[in-house]
Amino acid sequence: MLTQLSSFLGRAEELVELRRLLRTARLLTLTGPPGVGKTRLAVELAKQEERSRRCEVTLVDLAAAEGDLSAVGVPDDDRERLLVVDNCEHLLDTCIPVLGALLLRHPKLRILATSREVLRVPGEVVHAMSGLPLPATDRIADHLRADAVRLFVDRARAVVPGLRLTEDNARVIGAICTELDGLPLAIELAARLAQTFPLTEVRDNLNAHLCALTSGWRTAHPRHQSWHQAVTWSYELLTPAQRSMFRRISVLPGGVLAEVAAAVATDGTETTSVVLDQLMALEAKSLITAHRSGRLRMPAPIRHYAHERLTEASEQKQTYDRLADWLTRLAEPLGRASATPPPDVLHRLAAERPTIEHVLTRLHDDDRQLLLAGTVFLVDMLERRPSHRTRAMLRSALDNTRVDSPYREIALRGATVLAAWFCDLTEMRRLAAQWTASDLLGRLLLGLASTRRVVLSPTTGAVDADAVTTAGWLGDVPWHERPWEELTLAAELADRLLPVLRAGGPSARLRGTIRAAAVIALSGGDHELADRHCTDMLRSDGDLTDEDFAHAVTCLGLSAAGIGRLSRAVQLLSYAEAAGSPLLDRPWWRDRVEAVRMAAVGVLPRETLVSAAAAGRALDRAQALAFALEHRQQRTPETARDDVLSQRERDVVALLAEGFTNRQIAARMHLSVRTVETHVRNIRTELGLRSRAHVAAWSAQHGSGDASTPVMRLAH
């Protein structure tokens with residue numbers, strides 16, 4: 001009877017499938033990387049066959065045979081027999097003829113073999129094994145169901161009896177198992193470390209030193225007593241060329257393609273067929289495996305072993321230098337691009353992100369890190385996941401490279417956008433001051449980042465400058481809710497960008513930026529400037545879409561109201577409403593239009609209001625354009641009244657006339673500074689005035705400059 005001293009966990013579905021295969025296959029071979037559990041699964045399968053009493057089971061371990069195959073044999077009788085032949089990989093040339101002869105001589109014999117390499121004999125059925133299933137999510141229920149986690153906990157209890165899987169340790173154990181790719185031998189060895197180290201230290205130790213896994217059972221074969229010995233068993237079966245390839249592709253955590261393997265593992269003299277042969281040999285020996293991504297993948301614990309061998313061979317610097325060169329050549333079009341990054345290049349580099357990040361940890365005082373860190377930033381934008389980690393990469397690259405590097409611009413662009421995205425406006429200004437005037441994309445993205453809204457083209461995934469300019473500025477976070485310093489900064493950026501675009505930028509991008517600048521001005525209460533920007537947009541009517549035209553008219557109507565031209569505002573907004581302006585579906589815009597309508601009802605005679613609204617609805621596009629572009633008249637006396645202000649706003653006006661600052665007004669009126677700022681903006685909007693000085697002058701002109709009443713009222 002076959003016995004084992006430890007429990008068998010997991011692989012229930014595999015066992016069912018293997019028993020089915022064993023009914024029809026004369027030779028079934030279990031293959032897989034070192035430590036995947038081939039022997040353990042073969043023994044469990046043989047035990048089930050033995051318990052069924054269908055056959056007699058014999059186990060032969062070729063690792064212990066040391067070249068003597070005399071034990072590989074079966075009696076000459078007609079009984080159903082299952083021969084389990086373990087560890088065929090190091091005696092392939094000698095054991096294959098023996099197994100073939102046994103199958104021919106004994107018709108009722110079935111052979112279950114384990115090998116890190118396929119036997120490649122007629123009639124062989126191969127079952128490739130991989131690591132145990134890992135937790136699908138962070139939920140405790142998924143950890144309880146994951147075979148890898150269950151194995152770790154079971155083996156850890158042998159040395160720490162009180163250990164239980166809890167919500168506090170589930171993620172740590174899951175991370176350990178994930179780092180070990182679910183390989184059972186590595187998990188069992190790691191679990192024994194829990195006797196000495198806290199689980200968090202076990203996890204952190206694995207990330208850098210998998211060689212710590214040396215505490216296997218003394219009764220196990222020497223190659224199973226440490227992770228290093230387990231992989232060395234396979235490494236020593238490789239040819240020198242295969243060993244070289246194995247070591248050098250360890251620098252590729254993102255997976256292996258023949259193209260990149262050739263770049264890092266050879267000096268350029270080997271042909272593609274030679275590289276492919278070496279990769280196929282490593283796959284055949286289960287040291288790398290095919291992945292659903294289409295790449296070959298080396299399990300993480302094996303990759304760490306290969307990396308140790310790379311260091312021992314003093315090949316680290318040369319290999320990483322080759323890899324950095326290859327990635328730099330791939331990313332060059334991004335460094336040259338002054339507008340939208342080439343989408344095909346960006347998608348190609350997104351697939352290399354893990355490898356790029358890994359290389360960046362190895363580059364110091366090297367200009368290539370500017371381009372590669374900038375590439376990670378663009379991939380972040382492509383995937384809509386800007387991160388502090390990428391920001392740190394960019395900062396490190398900028399701090400440790402030449403200021404005159406040709407790759408500096410892409411890193412500056414990324415660092416500035418991320419500073420804005422995370423609301424570090426001081427850092428944003430410092431970095432923006434270092435840009436060149438030609439970097440239009442960077443300037444656009446910088447402005448967009450200050451709203452923390454970046455929109456990507458749904459078709460290509462590339463950064464679409466026009467789309468982000470319009471949707472980014474006019475997103476669901478309205479500008480009137482942004483901090484005042486962000487509005488000021490955005491206005492500065494628009495002022496810097498517009499002259500550059502007018503001098504030769506794409507017309508669509510120019511229109512999008514004018515549109516953004518108009519909204520910024522409108523939100524900041526500068527209605528004259530908003531009016532000018534809207535007029536600029538309408539003067540290029542031949543290129544405007546219906547949506548852009550309706551947007552410009554809507555914005556122009558609001559700015560007209562802000563400078564006191566309510567009749568004109570009603571006519572323009574009535575046209576926009578009749579034309580179906582999409583802005584009116586958005587709460588902020590709809591509320592502002594409604595506020596203009598209410599103000600007009602309170603100020604304009606009913607006949608004027610009705611006439612203006614009807615005239616606006618009757619306009620066609622050409623007529624609306626002509627009306628919108630007519631010369632602006634002076635502010636009408638009908639709206640120059642202080643009864644459009646609330647009592648609190650008149651109190652603020654009185655204190656402004658006294659020369660008080662916003663902070664002093666806030667203290668006097670027991671308000672927040674932000675509330676006072678809002679009142680000041682509303683006052684300027686209602687009165688159509690551009691500055692605090694104008695408000696003070698208006699107050700004096702309209703007899704509202706006597707501050708004694710509100711001040712005395714507040715004092716009492």
Side-chain angles (χ1 to χ4, degrees), residues 331 334-343 346 349-350 353 356-357 360 369-399 401 407-457 461-475 477 479 482-483 485-494 496-497 500-501 509 512-513 516-517 520:
L334 303 184
R336 294 194 301 268
S338 60
T340 303
L346 203 52
L349 285 160
R353 183 195 181 110
I356 296 172
E357 290 195 18
L360 281 169
Q369 65 182 307
L370 290 165
L371 176 60
L372 297 181
T375 296
V376 174
F377 156 73
L378 289 175
V379 170
D380 273 355
M381 294 297 101
L382 174 68
E383 298 174 348
R384 306 188 188 191
R385 56 173 187 180
S387 68
H388 288 288
R389 176 184 174 88
T390 301
R391 192 178 173 196
M393 291 179 193
L394 290 162
R395 187 183 297 117
S396 176
L398 290 167
D399 289 346
T401 52
Y407 300 134
R408 192 169 185 82
E409 204 71 26
I410 186 175
L412 268 176
R413 178 171 60 199
T416 312
V417 171
L418 291 182
W421 188 284
F422 293 111
C423 297
D424 188 347
L425 301 182
T426 301
E427 177 72 357
M428 176 181 169
R429 281 192 174 94
R430 184 185 72 80
L431 293 167
Q434 302 176 46
W435 287 354
T436 64
S438 62
D439 190 2
L440 302 182
L441 177 62
R443 294 177 185 277
L444 284 171
L445 287 176
L446 175 58
L448 295 170
S450 66
T451 68
R452 288 177 289 179
R453 292 289 185 275
V454 175
V455 180
L456 302 176
S457 165
V463 179
D464 183 298
D466 192 40
V468 290
T469 303
T470 54
W473 292 116
L474 309 176
V477 177
W479 272 105
R482 306 303 298 165
E485 65 269 19
E486 286 195 22
L487 279 175
T488 304
L489 179 58
E492 291 174 8
L493 292 167
R496 290 174 59 191
L497 178 57
V500 179
L501 289 170
R509 192 167 299 161
T513 308
I520 296 166

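For the atom pair Tyr407 OH and Thr375 OG1, the distance stands at 10.0 Å (nearest 0.5 Å). Rounded to the nearest 0.5 Å, atoms CE (Met393) and NE2 (His388) are 13.5 Å apart. Annotation: the span from Met381 atom CE to Thr390 atom OG1 amounts to 8.0 Å, rounded to 0.5 Å. Taken from CZ in Phe377 to CG in Leu382, the straight-line distance is 11.5 Å, to the nearest 0.5 Å. Here the straight-line distance linking atom CG of Leu398 with atom CZ of Arg408 works out to 5.0 Å at 0.5 Å rounding. We find the CD1-CG distance between Ile356 and Leu349 to be 5.0 Å, quoted to the nearest 0.5 Å.
Looking at heavy atoms from C-beta onward, Ile410 lies in side-chain contact with Leu378 at the 4.5 angstrom threshold. The shortest distance between side-chain heavy atoms of Val376 and Leu394 does not fall below 4.5 Å.
Between Arg353 and Asp380 there is a salt bridge, since a side-chain N of the basic residue sits under 4.0 Å from a carboxylate O of the acidic one.
Judged by distance alone, the side chain of Thr416 and the main-chain N or O of Leu412 form a donor-acceptor pair under 3.5 Å.
Of all non-hydrogen atoms in Ser387 and Leu418, the two that sit nearest each other are O-CD1, 4.1 Å. Looking at every heavy atom in both residues, Ala419 comes nearest to Glu427 through CB-CG, 3.9 Å.
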